[in-house]
Amino acid sequence: MLSVAFIRDNKDLVLKRLAIRNFANAENIIDNIIELDAKTRATKSKLDNANAESNKLSKEIGLLYKSGEVQKANLVKEKSSQIKDEVSQLRSHLLLDADQVLKMLYEIPNIPNELVPPGNNEEDNEIIFEEGSIPKLHKNALPHWELAKKYDIIDFELGTKITGAGFPVYKGKGAKLQRALISYFLDKNSDAGYEEVQVPHVINEASGIGTGQLPDKEGQMYHIGIDNLYLIPTAEVPVTNLYRDVLLKENDFPILHTAYTPCFRREAGSYGAHVRGLNRLHQFDKVEIVRVEHPNNSYNSLDEMVNHIKTILIELGLPYRILRLCGGDLGFTAALTYDFEVFSTAQNRWLEISSVSNFESFQANRLKLRFKNKDGKSQLAHTLNGSSLALPRVLAAILENFQTENGIRIPEALIKYTGFDLID
RNA sequence: GGAGAGGUGGCCGAGUGGCUUAAGGCGCACGCUUGGAAAGCGUGUUUAUGAGAAAUUGUAACAGGGGUUCGAAUCCCUUUCUCUCCGCCA
């Protein structure tokens with residue numbers, strides 16, 4: 001979330017940038033926040049004074065008792081009781097108002113970076129880069145859900161029996177290819193300096209709030225009611241939350257992590273060809289990269305992450321393009337996001353396989369993730385993350401783009417991980 | 001799941017109602033000392049937030065939340081985590 005002090009000092013900028021997101025009602029909420037915050041601080045000041053007075057009297061009472069002046073002590077006690085009423089009243093007002101401010105802050109999305117183009121939806125995203133050649137397929141080429149059936153490597157119906165739609169079962173070479181991709185991605189990320197971590201796949205409420213999934217967006221996560229825990233929608237949540245309530249030193253930067261986890265998303269809604277097969281699932285695998293950075297370096301890091309993902313896609317031989325998300329398509333917590341899409345030849349469409357974002361201090365503010373700067377003051381760090389990469393659509397693209405009449409070839413870079421070079 | 005014991009600063013650890021934001025030690029930083037280092041000595045060493053140009057200073061925080069009291073690290077309730085024993089178990 002944005003900090004109140006920032007909103008207070010940069011109101012015009014905040015409004016201008018939020019307009020790029022088409023964020024409705026911004027001015028109203030911002031004004032309310034500023035007003036209520038001023039009130040809150042005035043109350044706090046009164047409360048502080050009352051507490052100071054009460055502390056003083058309490059000390060007096062202690063001394064009076066010690067010197068045996070009980071009657072005098074009782075007089076002071078009465079006075080102190082009155083202040084106590086005032087304190088408890090001020091306190092409850094303060095808590096109520098502060099809570100209200102926080103609630104309003106939760107409603108405000110991150111302000112977009114100045115590179116973010118205006119726009120309403122995905123059609124307004126800017127294509128900024130494109131690379132790789134689109135293969136010519138034989139005339140009996142199939143979409144991946146047909147290929148999955150033909151070679152018996154992914155069983156969607158079986159998953160439906162076990163759990164429900166959107167929970168596929170990978171079989172044989174399909175399962176091995178998944179495992180190979182996970183290892184391959186993790187190795188590439190490690191080689192680039194990202195430290196591998198294994199994290200819980202279930203998170204508590206505080207973690208969900210830290211990275212912005214909670215409050216308000218709980219409907220997108222699976223909730224384990226009996227323990228009040230959530231299945232992770234992405235490794236971003238547990239990995240970034242490793243740094244919740246942490247005060248770093250400047251020389252701790254940069255912090256780079258990579259993690260493989262399954263991801264669980266309820267994603268209720270859409271049906272049809274666009275969500276067929278592997279295109280949209282309730283459970284899928286993903287290897288994530290996460291960085292915690294000094295604010296001066298975070299955009300540099302974002303570029304590094306983008307370049308890193310490029311090298312993976314080139315090595316896999318998948319044609320891809322990079323989009324800069326427009327204001328209307330930008331996620332709630334992000335300041336700038338680049339999406340990677342690979343071209344699925346058999347479906348004749350682009351599939352999103354990675355999303356790389358700088359959150360600036362938006363998550364850090366919720367996480368209380370700070371560092372001591374050169375002046376010895378604590379300052380919010382910047383967080384970033386990206387998929388490197390999401391498996392199902394990479395798998396779909398490989399199946400579709402590498403199909404031949406004799407079977408599906410395995411990209412060169414993966415063969416040492418799969419142990420086979422053809423699915424037939 | 002059952003029974004018991006616990007959670008104090010970067011770390012160890014004292015503290016069972018008032019001069020305790022917290023003894024003592026370790027660690028760390030700076031200074032003195034030294035040819036240099038160690039030891040020794042001295043000074044300093046939490047965070048958040050308000051006021052102030054600053055020195056400084058008010059308030060809050062002893063796992064989290066609530067309560068008793070003029071006053072809580074200390075007493076009560078509750079949540080949570082850790083440890084020990086028992087049970088179950090890959």
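Chain letters run A, B, ... following the sequence lines, proteins first, then strands; residues in each count from 1. Any value given below was found using the heavy atoms of this structure, including those in side chains, with hydrogens, waters and symmetry copies removed.
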Now, which nucleotide makes the Watson-Crick or G-U wobble pair with [N], with each of the two distances under 3.5 Å?
N	value
B:U16	none
B:G50	B:U57
B:U82	B:A5
B:U21	none
B:A29	B:U43
B:C89	none
B:A38	none
B:G71	none

Please state how far atom [atom1] in [X] lies from atom [atom2] in [N], giving the value in whole angstrom units.
X	N	atom1	atom2	answer
A:L95	B:G65	CG	C1'	11 Å
A:K84	B:A72	NZ	C1'	12 Å
A:L229	B:U80	CG	C1'	13 Å
A:N228	B:C81	CG	P	12 Å
A:L102	B:U49	CG	P	15 Å
A:E60	B:C70	CD	P	16 Å

Do any N or O atoms from the side chain of [X] and from the backbone of [Y] form a donor-acceptor pair under 3.5 angstrom?
X	Y	result
A:K173	A:L422	yes
A:N241	A:V237	yes
A:N110	A:T333	yes
A:R291	A:L384	no

Given [options], the nucleotide with the shortest approach to the side chain of [X]:
X	options	value
A:K77	B:A48, B:C70, B:C19	B:C70
A:R41	B:G67, B:U47, B:G50	B:G50
A:I61	B:G18, B:G67, B:A48	B:G18
A:K44	B:U47, B:U59, B:C70	B:U59

Are A:H223 and A:Y230 an aromatic pair, judged by ring center distance below 6.0 Å?
yes

Take atom [atom1] in [N] and the same atom in [M], then report the distance between them in whole Å.
N	M	atom1	result
B:C76	B:G87	P	32 Å
B:G31	B:A22	P	27 Å
B:A5	B:G10	P	29 Å
B:G15	B:G24	P	15 Å
B:C19	B:U80	C1'	35 Å
B:U69	B:C83	P	38 Å
B:G7	B:C62	C1'	10 Å
B:G6	B:U74	C1'	15 Å

Under 30°, 30 to 60°, or over 60°: which ring-plane class applies to A:F371 and A:H294, parallel, tilted or perpendicular?
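Plane angle between 30° and 60°, so tilted.
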
Is the ring pair A:Y194/A:H308 parallel, tilted or perpendicular, if the boundaries are 30 and 60 degrees?
tilted

Correct closest heavy-atom pair for A:V290 and A:E236 would be CG2-CA, 4.4 Å

In residues 45-58 of chain A, which residues come under 4.0 Å of RNA chain B by heavy atom?
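Nucleic-acid contacts, sorted: A:D48, A:N51, A:A52, A:N55, A:S58.
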
For residues A:T258 and A:F185, determine if any side-chain heavy atom of one lies less than 4.5 Å from a side-chain heavy atom of the other.
no

OP1 or OP2 of B:U47 under 4.0 Å from side-chain N/O of A:K372:
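For A:K372, the contact criterion (side-chain N or O under 4.0 Å from OP1 or OP2 of B:U47) is met.
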
